[in-house]
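Heads up: the structure comes next, in structure tokens.
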Protein chains: 2
Amino acid sequence: MDINDVKILLVDDEVDVLDFMKYNLEKEGFWVYTAKDGIEAIQLAKKVSPAIIILDLMMPKMDGIETCRELRTMPEFKNTLIAFLTARDEDYSQIAGFEVGADDYITKPIKPRVFISRIRALLRRLESNDSVAKVVVGDIEIDRERYLVVKGGKEISLPRKEFELMSLLVSKPGRVFKREEILSRVWGNDTIVGDRTIDVHIRKLREKIGDDYFKTIKGIGYKFDA
Amino acid sequence: MDINDVKILLVDDEVDVLDFMKYNLEKEGFWVYTAKDGIEAIQLAKKVSPAIIILDLMMPKMDGIETCRELRTMPEFKNTLIAFLTARDEDYSQIAGFEVGADDYITKPIKPRVFISRIRALLRRLESNDSVAKVVVGDIEIDRERYLVVKGGKEISLPRKEFELMSLLVSKPGRVFKREEILSRVWGNDTIVGDRTIDVHIRKLREKIGDDYFKTIKGIGYKFDA
DNA sequence: CCCCTATGTTAAGAGATGGTTAAATGAACC
DNA sequence: GGTTCATTTAACCATCTCTTAACATAGGGG
């Protein structure tokens with residue numbers, strides 16, 4: 001997922017808070033939308049389909065809890081990440097929040113660095129969930145729920161890294177994934193591993209799944225093809 | 001996309017706002033046009049085909065919403081990015097805006113840094129849409145995503161430099177690329193290579209793709225033609 | 001028509017890149 | 001704690017890519 005495609009919807013009745021969050025998020029390259037109450041938020045959310053919605057708890061018309069409950073009843077927001085914004089001493093309300101399907105809590109006052117890293121954490125969660133549970137390409141099927149690859153009816157179980165790598169490549173058959181991209185999506189942005197690590201994993205996959213499925217694009221990366 | 005080719009059309013009835021935005025955008029190297037109302041905006045847009053149009057919501061003669069709706073009915077502006085400019089307390093109008101096909105909202109007062117990063121974000125969106133990995137010219141197709149050249153249905157895979165060179169030439173069929181320009185775009189500004197290097201790569205392309213596609217312009221460079 | 005320079009052609013070798021293997025490290029599970 | 005599996009590293013090898021150099025050819029200006 002490219003960060004520049006990530007849309008975030010901020011909902012709060014205090015304009016200052018909205019502006020502050022918006023400024024910080026935009027500086028990071030996110031795509032930010034704002035609403036001042038729950039009604040407005042739901043309408044806007046339907047239009048722009050944000051990846052993340054941040055709801056203030058206390059709002060006029062429809063409060064955060066209510067808005068969240070409402071959103072969660074609509075199928076299109078089943079997988080949207082919803083975080084609540086609370087003042088520190090409202091902490092008790094977390095229980096109610098998680099009950100209506102919140103994914104995280106962020107406490108005011110907002111500190112930019114903490115805030116951003118919180119958002120990034122949410123995003124990582126989204127990334128690991130957003131691929132559909134089952135992908136089928138040709139005679140190969142990937143079942144994310146059971147961590148299994150099924151090839152011609154036969155189940156093949158793969159270690160975690162191999163599975164994630166396979167899963168990434170299969171998610172867009174034919175598309176070339178650059179080594180750099182593979183590293184950041186399978187190993188994580190900050191991990192430093194040696195040059196041969198990817199190759200070794202590719203080798204294992206070729207061994208277990210079949211040579212022909214994984215093509216090397218020299219100087220660029222790898223792609224999956226059936 | 002070269003930033004110096006990016007045209008932006010600003011539409012607002014307040015001259016001060018226009019000037020302020022124009023100043024900031026021109027400083028970044030954008031090509032800026034301005035109009036004072038919707039009628040003028042549409043006429044100018046037809047003439048210069050801007051990549052981005054920024055419309056103030058409140059304007060005489062024809063307001064932003066109306067102008068946007070009008071523009072969206074014309075096929076040549078199907079892919080143009082349109083952003084609205086709104087005062088903070090007009091936020092509710094976002095809903096109407098997205099309905100007529102707006103791509104983003106920018107709130108006044110304008111803060112230069114946020115404004116520019118917003119424009120760049122829009123631009124990235126544009127790029128990811130139109131450089132969408134596929135260029136088709138005659139019976140030749142270049143697929144950046146799959147790192148493949150397809151000629152008459154047959155897939156031809158090229159080594160990196162050849163692919164980049166091909167990709168560059170095909171990106172503007174008929175246009176002559178100077179040797180110097182080819183060097184800096186395919187090899188990089190700092191690389192020093194011998195005289196014959198480009199020729200050898202062109203030869204390989206002629207061999208693999210076909211002689212007739214690559215024309216030599218003596219003393220200048222090369223061009224691609226179908 | 002000839003000369004000069006720019007480009008075409010070829011093959012060879014240097015260099016980059018990925019493949020392979022085994023062994024070291026680390027994590028998880030009795 | 002020992003065992004097993006997953007993961008990474010390191011060393012070495014194989015191959016592909018790119019560049020060069022040497023020579024051939026073409027084509028425009030005089």
Side-chain angles (χ1 to χ4, degrees), chain A residues 128 144 146-149 155-169 176-225, chain B residues 146-149 155-169 176-225:
Chain A
S128 57
R144 286 195 72 83
R146 300 194 298 149
Y147 252 76
L148 272 181
V149 175
E155 296 187 347
I156 304 169
S157 84
L158 298 176
R160 200 164 45 245
K161 282 276 183 318
E162 285 168 41
F163 186 84
E164 293 299 342
L165 174 56
M166 169 107 192
S167 185
L168 174 66
L169 295 179
V176 177
F177 290 84
K178 301 196 190 116
R179 282 171 163 271
E180 194 193 356
E181 193 180 354
I182 293 175
L183 276 181
S184 88
R185 308 222 1 209
V186 176
W187 273 263
N189 271 309
D190 37 342
T191 323
I192 296 157
V193 288
D195 275 3
R196 298 274 66 70
T197 305
I198 295 181
D199 311 47
V200 173
H201 282 86
I202 289 282
R203 169 151 202 300
K204 295 247 172 79
L205 285 178
R206 283 176 170 152
E207 199 173 292
K208 292 173 184 169
I209 311 293
D211 262 357
D212 323 326
Y213 293 103
F214 304 91
K215 287 217 178 85
T216 306
I217 313 295
K218 256 196 155 175
I220 312 287
Y222 294 92
K223 69 175 174 180
F224 177 91
D225 246 330
Chain B
R146 300 197 301 152
Y147 260 85
L148 276 179
V149 175
E155 297 184 347
I156 304 170
S157 78
L158 299 176
R160 194 170 40 166
K161 284 267 155 34
E162 285 168 41
F163 187 84
E164 293 300 339
L165 174 56
M166 170 104 192
S167 186
L168 174 66
L169 294 178
V176 179
F177 289 85
K178 300 193 197 123
R179 284 172 159 267
E180 192 193 357
E181 191 180 355
I182 293 175
L183 276 180
S184 88
R185 311 243 327 231
V186 176
W187 273 263
N189 274 309
D190 37 340
T191 323
I192 296 156
V193 288
D195 274 6
R196 299 275 64 70
T197 305
I198 295 181
D199 311 46
V200 172
H201 282 86
I202 289 282
R203 163 141 212 305
K204 294 243 173 85
L205 286 179
R206 284 176 170 152
E207 196 174 295
K208 291 174 183 169
I209 311 294
D211 264 355
D212 325 325
Y213 294 102
F214 304 91
K215 291 218 176 82
T216 306
I217 313 297
K218 226 182 161 171
I220 313 287
Y222 295 92
K223 71 173 177 179
F224 176 89
D225 249 328

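Sequence lines set the chain letters: A, B, ... in the order given, protein chains first and strands last, and positions in each chain run from 1.
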Nearest heavy-atom neighbours spanning [X] and [Y]:
{"X": "B:K208", "Y": "B:I156", "value": "O-CD1, 3.8 Å"}
{"X": "B:F177", "Y": "B:L168", "value": "CZ-O, 3.4 Å"}
{"X": "B:H201", "Y": "B:T197", "value": "ND1-O, 3.0 Å"}
{"X": "B:L169", "Y": "B:Y222", "value": "CD2-O, 4.0 Å"}

Is the closest side-chain heavy-atom distance between B:V186 and B:I198 below 4.5 Å? no

Can you measure [X] atom [atom1] to [N] atom [atom2] for me and round it to whole angstrom units?
{"X": "A:K161", "N": "D:dT9", "atom1": "NZ", "atom2": "C1'", "answer": "15 Å"}
{"X": "A:L158", "N": "D:dT7", "atom1": "CG", "atom2": "C1'", "answer": "14 Å"}
{"X": "A:I198", "N": "C:dT17", "atom1": "CD1", "atom2": "C1'", "answer": "13 Å"}
{"X": "A:L165", "N": "D:dT7", "atom1": "CG", "atom2": "P", "answer": "11 Å"}
{"X": "A:L183", "N": "D:dT8", "atom1": "CG", "atom2": "C1'", "answer": "13 Å"}
{"X": "A:E164", "N": "D:dT7", "atom1": "CD", "atom2": "P", "answer": "10 Å"}
{"X": "A:I217", "N": "D:dT17", "atom1": "CD1", "atom2": "C1'", "answer": "14 Å"}
{"X": "A:E180", "N": "C:dT17", "atom1": "CD", "atom2": "P", "answer": "14 Å"}

Go through residues 202-212 of chain B and report each residue with a non-hydrogen atom lying under 4.0 Å from DNA chain C, sorted by number. B:R203, B:R206

Contact under 4.0 Å: [X] side-chain N or O vs [N] OP1/OP2:
{"X": "B:W187", "N": "D:dC18", "result": "no"}
{"X": "B:H201", "N": "D:dT17", "result": "no"}
{"X": "A:T216", "N": "C:dG19", "result": "yes"}

What N/O pairs connect the protein and nucleotides 27-30 of chain D at under 3.5 Å? Give each pair on its own line.
none

Test side chain to side chain contact (heavy atoms under 4.5 Å, CB included) on B:L205 and B:L158 and set out the steps. CA-CA 9 Å; B:L205 286 179; B:L158 299 176; 3.7 Å; yes

Check against salt bridge (Lys or Arg N to Asp or Glu O under 4.0 Å), A:E207 and A:R203: CA-CA 6 Å; A:E207 199 173 292; A:R203 169 151 202 300; 2.5 Å; yes

Compile the donor-acceptor pairs under 3.5 Å between side chains in residues 211-220 of chain B and protein atoms, sequence neighbours left out, one pair per line.
unit_1: B:Y213; atom_1: OH; unit_2: B:D139; atom_2: OD1; d: 3.3
unit_1: B:T216; atom_1: OG1; unit_2: B:R206; atom_2: NH2; d: 2.8

Treating primed atoms plus P, OP1 and OP2 as sugar-phosphate and everything else as base, which nucleotides of nucleotides 24-30 of chain C get B, S or - for protein heavy atoms under 4.0 Å? -------

Separation between OG of B:S184 and NZ of B:K178, rounded to the nearest 0.5 Å: 10.5 Å

Starting the side chain at C-beta, find the nucleotide from D:dC18, C:dT20, D:dT8 nearest to A:D199. C:dT20

Would you tabulate the nitrogen or oxygen pairs shorter than 3.5 Å linking the protein to nucleotides 20-23 of chain D?
unit_1: D:dT20; atom_1: OP2; unit_2: B:G194; atom_2: N; d: 2.5
unit_1: D:dT20; atom_1: OP2; unit_2: B:T197; atom_2: OG1; d: 3.2

Select base, sugar-phosphate, or nothing to describe what B:Y222 touches, counting heavy atoms under 4.0 Å on all strands. sugar-phosphate

Run A:D199 and A:R179 through side chain to side chain contact (heavy atoms under 4.5 Å, CB included) and show every step you take. CA-CA 10 Å; A:D199 311 47; A:R179 282 171 163 271; 3.1 Å; yes

Test of understanding: with salt bridge (Lys or Arg N to Asp or Glu O under 4.0 Å), list the residues that count as partners of B:K223, not counting sequence neighbours. B:D225

State whether the side chain of B:T191 and the backbone N or O of B:W187 hold a donor-acceptor pair below 3.5 Å, judged by distance alone. yes

